[in-house]
Amino acid sequence: MIRFLIFSVFFQVTFAHANQAIYDAQFEKSLNFMMENMIRPDIAAGAIIAAPSKAHPDYFYHWVRDAALTAEAALDIYKSGYLSDSQSKMLRQFFVDHISFNKHIQKTSLLADGLGEPKFSVTGEVYSFPWGRPQNDGPALRALSLVHILDVATKEKWPEAAQIKKTVYQSEIPTKSLAKADFEYVAHRWQDANFDLWEEVYGLHFYTLMAQRKSLSVGIATANYFLDFGAAKFYNQELQKINADLEKFWDPVQKFILATRFTSNRSKSQLDSAVLLGVLHFNIEDDSFSITDNRVIATFQTLKERFADIYYINKNENLGVAFGRYPEDTYNGYETNGAGNPWVLTTAAAAEFLYRTASEISKMQTLKINSVNEKFFHSLYGTKKVRRGQRFINSDPEFRVLLQNLIAEGDRYLDRVIYHRNTDGSLSEQINRESGYMQGAPNLTWSHASFLTAKIARDRAVTALQNH
Ligand code: NOJ
Ligand code: NOJ
């Protein structure tokens, strides 16, 4: 016990500082790279490019999903005091422009195939060539980010707040307001098959349903706030059905959550990092499929074991496992018939998951090891210490070690990203599975946004540990 306590005190003092400087420096770089893809003279104000490259691959487009996730990351950074005054000012103006730009793309998508249009030119015209459409995570995500911008504008009393309010939500039907249009689309269309977030597979997807669930839960609060009680009731009724459907994605035999049901692609195992992303992006605390849901923990573990196996770079076990999209992936960042690689955004997501698991567990009174979560906790210790039936009690010293181990494990994944980044801190979409060099779209906005949200999650986990 004494040895244990000494270890614990030592760990606590050294560990929060070990990599802090490297992470802080990359945070600044990623923030700059991300903002360069949001605010630039060669695109419409309020648009966000997926990446600056115009060929091999051409990612010089505004993707609804990438843009909404980036706007959400930027909002969190804005609200949490990570910015200089001039950065804050730039982002505030960006958010105002982002609302106008979204108004434009909603209008152009309604003239085309509808609100599930996934991709637009940098001036807001629909991409009219063949593509995997619709992608129904888009409207759900867009509504969330728009309502979050409205929240901040209202709280901070921006001069534009009244105008933003009108643009984002009005109760009349048919609606001309942005979030209301997206909420209605989600509530009426969530049963429809559509393309997944990787733009490849047609079916019903866990990621998309998680987006739709979160969107409707925020939709209910928003509708109530605007005294739109009929809508709130309708959104709630659809939300309950989505909840019931989500349960069907858990596969108790394979012990992981399936990515897609009713799929057009039957050759996939349905083990996919998309599930992890769905949990991180749309977590509802204490609800099913929240971060500490044992089914989510088991899925993380299975993903980790599978990716550790298939990518050569993962033979270096000093670093966390580099995560890909899914094991059968053949998109190498340039062509779709190559060898799939680990991705930056999924590996950063693994780090974020471990940090947020630490923060969530720190609030629990008791953590019980059972047949679903035991492998995860066992591998965290790498010893025989964790047994089925064991309980970690919040007030025991052992509980603190558990939190420390989770953060240290998250650091190994963040170190993995740091190890493979370019020397100038730029991050591409992928990490070559053999050589470890960056590959695919350079400076993918979403790669940087994912590093940023992982780092914020780390800061919060360290604070939770300090307050424990
Ligand atoms: C094929 C990839 O698999 C898909 O995810 C991507 O969106 C498109 N190519 C376009 O880059
Ligand atoms: C391909 C990814 O699969 C997809 O999720 C993303 O939206 C686009 N690239 C743009 O970054």
Side-chain angles (χ1 to χ4, degrees), residues 30 33-34 36-38 43 47-73 105 109 116-122 126-127 129-142 145 194-203 205-208 210-211 259-260 263 265 268 272-278 280-282 323-349 426-431 438-453:
S30 280
F33 282 121
M34 186 179 84
E36 278 171 22
N37 291 352
M38 306 167 74
I43 65 176
I48 304 177
I49 48 171
S53 77
K54 293 185 180 171
H56 192 66
D58 184 2
Y59 272 40
F60 202 74
Y61 288 95
H62 176 97
W63 257 272
V64 174
R65 165 183 42 264
D66 300 44
L69 291 170
T70 304
E72 290 276 26
I105 68 170
S109 34
E117 273 301 329
K119 175 176 168 179
F120 295 82
S121 76
V122 298
V126 166
Y127 179 81
F129 296 94
W131 204 250
R133 61 168 68 83
Q135 294 176 19
N136 286 347
D137 58 328
L141 265 160
R142 182 169 52 207
S145 61
N194 65 101
F195 277 87
D196 73 323
L197 84 165
W198 306 135
E199 318 193 279
E200 298 174 326
V201 171
Y202 195 69
H205 317 287
F206 181 83
Y207 180 88
T208 306
M210 288 289 280
T260 299
T263 171
N265 184 343
K268 284 181 66 180
D272 195 314
S273 294
V275 167
L276 182 65
L277 297 180
L280 293 175
H281 297 165
F282 312 113
F323 273 42
R325 297 195 295 184
Y326 53 91
E328 305 83 2
D329 199 357
T330 60
Y331 177 52
N332 63 13
Y334 313 111
E335 290 105 29
T336 47
N337 54 356
N341 292 304
W343 281 40
V344 171
L345 72 94
T346 45
T347 306
S426 61
L427 298 170
S428 305
E429 181 183 71
Q430 310 187 11
I431 305 168
M438 296 271 94
Q439 179 159 330
N443 274 322
L444 185 83
T445 315
W446 191 358
S447 292
H448 288 294
S450 302
F451 182 87
L452 295 169
T453 56

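Residues take their numbers from the sequence shown, with the count starting at 1. Ligands are counted one by one from 1 in listed order, and the atoms in each one are counted from 1 as well. Basis for what follows: all heavy atoms, side chains included, without hydrogens, waters or symmetry-related copies.
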For [X], take its heavy atoms, then give the atoms of ligand 2 lying under 4.0 Å from any of them.
| X | answer |
| --- | --- |
| Leu197 | 4 (C), 5 (O) |
| Leu444 | 11 (O) |
| Tyr59 | 1 (C), 9 (N), 10 (C), 11 (O) |

So is Lys119 in contact with ligand 2, going by heavy-atom distances below 4.0 Å?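 Per 4.0 Å heavy-atom rule, Lys119 does not contact ligand 2.
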
Under 4.0 angstrom from ligand 2, any heavy atom of Thr445?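 It does not; every heavy atom stays at 4.0 Å or beyond.
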
Residue portion contacting ligand 2 (non-hydrogen atoms closer than 4.0 Å) for [X]:
| X | value |
| --- | --- |
| Trp198 | both |
| Arg325 | side chain |
| Trp446 | side chain |
| Asp66 | side chain |

Angle class for the His56/Tyr334 ring planes (parallel below 30°, perpendicular above 60°, tilted otherwise)?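 Parallel: the ring planes of His56 and Tyr334 meet at under 30°.
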
For the pair Tyr127 and Trp131, name the ring-plane relationship: parallel under 30°, tilted 30 to 60°, perpendicular over 60°.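 Perpendicular: the ring planes of Tyr127 and Trp131 meet at over 60°.
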
Presence of salt bridge, [Y] and [X], under 4.0 angstrom:
| X | Y | value |
| --- | --- | --- |
| Lys268 | Glu200 | no |
| Asp329 | Arg325 | yes |
| Glu72 | Arg142 | no |

For the backbone of Asn136 and the side chain of Thr208, can you confirm whether one donor and one acceptor N or O come within less than 3.5 Å of each other? no

Sub-4.5 Å side-chain heavy-atom contact between Leu452 and Met34: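 SC-SC contact between Leu452 and Met34 confirmed.
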
Do any nitrogen or oxygen atoms of Arg65 lie less than 3.5 angstrom from nitrogen or oxygen atoms of ligand 2?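 Indeed, backbone or side chain, Arg65 has an N or O that close.
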
